[in-house]
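Both ligands and their constituent atoms are indexed starting at 1 by order of listing. The basis for the numbers below is simple: all heavy atoms, side chains too, and nothing from hydrogens, waters or symmetry mates.
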Amino acid sequence: MNYSDSERVASLLEKLGYLRAEKWEDTDLFIFNTCSIRQKGEDRVFGQIENLDRLKRRNPRLLVGLTGCMVRSTSSRNSQKEIKDDLMKRVDTIDFVFKITESHKIGEVLAEAEPRLDLPELAEADLNDYLKINPKYTTKFQAFVPIQIGCDKYCTYCIVPYARGREQSRPMDEVLAECRALVEYGCKEITLVGQTVNSYGLSALDKTTQKFEGIKDPFVTLLTKLDALRELGLNRVRFTSPHPHDYTDALIQAHVDLPSLCQYFHLPIQSGNNDVLKKMNRKYTVEEYKTIIKKIRAKLPNAAITTDIIVGFCGETPEQFEDSDKLFKELRWDMAYISRYSARPGTVATKAFKDDVPHQEKARRWHKLNDILEECSLENHKRFEGKTVEVLVEKFNETTGECEGKSRENKVVQFKGNQELVGVIVDIKIIKGLSWLMKGEMKTA
Ligand code: 5AD
Ligand code: SF4
């Protein structure tokens with residue numbers, strides 16, 4: 001989601017006449033697209049902004065702005081509004097902030113922050129709605145396309161519903177038109193992004209707009225229509241993240257029926273204990289989650305399955321944590337994003353429960369799961385040895401002479417290659433599975 005947002009902001013800045021700087025020191029404008037999921041992310045942003053202070057003293061033209069989940073209102077240091085955003089009050093270096101959903105106001109807020117800037121007016125089409133802004137995609141062959149904003153799930157630990165608002169889906173025609181244009185431009189891999197992509201078209205707000213009336217399963221319908229873009233050169237479709245609560249049999253079947261849809265499932269579990277899941281307001285049980293995995297593995301035994309898991313949630317006992325540990329050993333996810341619980345202001349968990357698992361104990365639990373993850377990841381990578389996978393090459397490293405890309409299962413693969421292979425899909429025979437990646441060699445015809 002954040003990649004996609006940054007690409008949209010970059011596109012507007014380019015229209016305003018900005019160019020991408022090669023070096024930090026040459027930059028006149030920094031915009032931090034922030035994430036408030038965990039405190040660590042926020043701390044990192046403040047650390048980097050502090051570093052910019054030095055640069056600002058050397059370059060008085062330098063402007064620093066912030067957007068993303070940390071920002072709740074759009075304003076600049078010169079705004080007349082009495083109450084400026086808290087972040088500007090806290091950190092002198094910040095000149096302006098804007099809500100990510102108000103990216104289309106970037107020209108206005110920049111001009112207010114620095115009246116000497118002579119910026120062109122943006123076209124009407126760019127000023128309406130932030131999801132309609134055509135992004136400046138980082139690569140020609142891969143793109144992230146947002147299909148919904150906000151989230152209605154209200155997991156008790158999560159800031160997203162407060163930072164991003166109510167769940168709302170983009171009209172299907174608009175998503176398809178953007179994807180079609182991307183594919184015509186040479187895009188081979190599209191990742192649909194949203195907070196809970198598989199409830200696409202089904203939110204309370206979506207129902208009030210009638211945009212999805214009569215469409216039985218909007219997400220599967222969207223995937224099916226996207227699959228037709230294979231004719232124009234689309235090779236891979238991915239999506240992130242779905243919510244287990246809305247994972248239908250039809251969606252699993254779509255992975256079997258639609259050749260473009262990668263056999264890669266990211267299914268956040270968050271905890272292996274039912275009482276903790278309930279307290280998190282996750283709306284499913286461990287048993288229901290396991291049923292989904294069973295169905296996936298029955299139909300697609302080679303699919304990669306990954307997860308998100310939180311350790312040290314409020315009141316999580318050592319025994320409840322052991323349930324997460326046991327479930328990990330049982331399900332052996334290909335990859336997991338493990339996080340230590342971080343209390344977020346304004347969430348139900350912060351108001352109603354105590355963040356009572358000590359810091360050190362959270363670290364112990366994190367390391368324990370991370371050790372299992374490393375073992376599972378190595379084991380899963382070893383299974384690929386001797387097999388051939390399709391790799392979409394993302395980069396070439398001149399120093400090592402190696403290309404790096406991802407297989408359809410989203411596994412990182414490195415092999416000896418050259419710059420010309422970037423953006424190309426190649427068959428790679430896996431020679432060695434390591435903990436976090438696989439090494440292979442290019443098959444010669
Ligand atoms: N503390 C720790 N991890 C969190 N996540 C979301 N909110 C928090 C929090 N307050 C994790 C969840 C989610 C992922 C994007 O971030 O695992 O799936
Ligand atoms: Fe946050 Fe839960 Fe929504 Fe995911 S589903 S964004 S964890 S509230």
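In this pair, Tyr247 and His255 present their aromatic rings parallel. The plane angle is below 30°, not in the 30 to 60° band. Between His245 and His243, the two ring planes are perpendicular [angle over 60°; tilted spans 30° to 60°].
For the 3.5 Å distance criterion, the side chains of Asp152 and Ser203 fail to qualify, holding no donor opposite an acceptor. Under 3.5 Å, the side chains of Tyr157 and Gln270 contain a donor-acceptor pair of N or O atoms. Using a 3.5 Å distance cut-off with no hydrogens or angles, the side chains of Asn273 and Asp323 do pair a donor with an acceptor.
For atom 2 (Fe) of ligand 2, the neighbouring protein N/O/S atoms at less than 2.8 Å, given as residue and atom, are Cys155 SG.
Between Phe313 and Phe321, the gap from one ring centroid to the other reaches at least 6.0 Å.
Ion pairing between Lys382 and Glu379 fails under the 4.0 Å rule for side-chain N and carboxylate O.
A heavy-atom cutoff of 4.0 Å around ligand 1 is satisfied by the protein residues Ile37, Arg38, Tyr157, Gln270, Asp308, Ile310, Ser339, Arg340, Tyr341, Ser342, Arg344.
Side-chain N or O atoms of Asn370 include none that pairs as donor or acceptor with a backbone N or O of Trp366 at under 3.5 Å.
For the residue pair Ser260 and Asp227, the shortest heavy atom distance occurs at OG-OD1, 2.5 Å.
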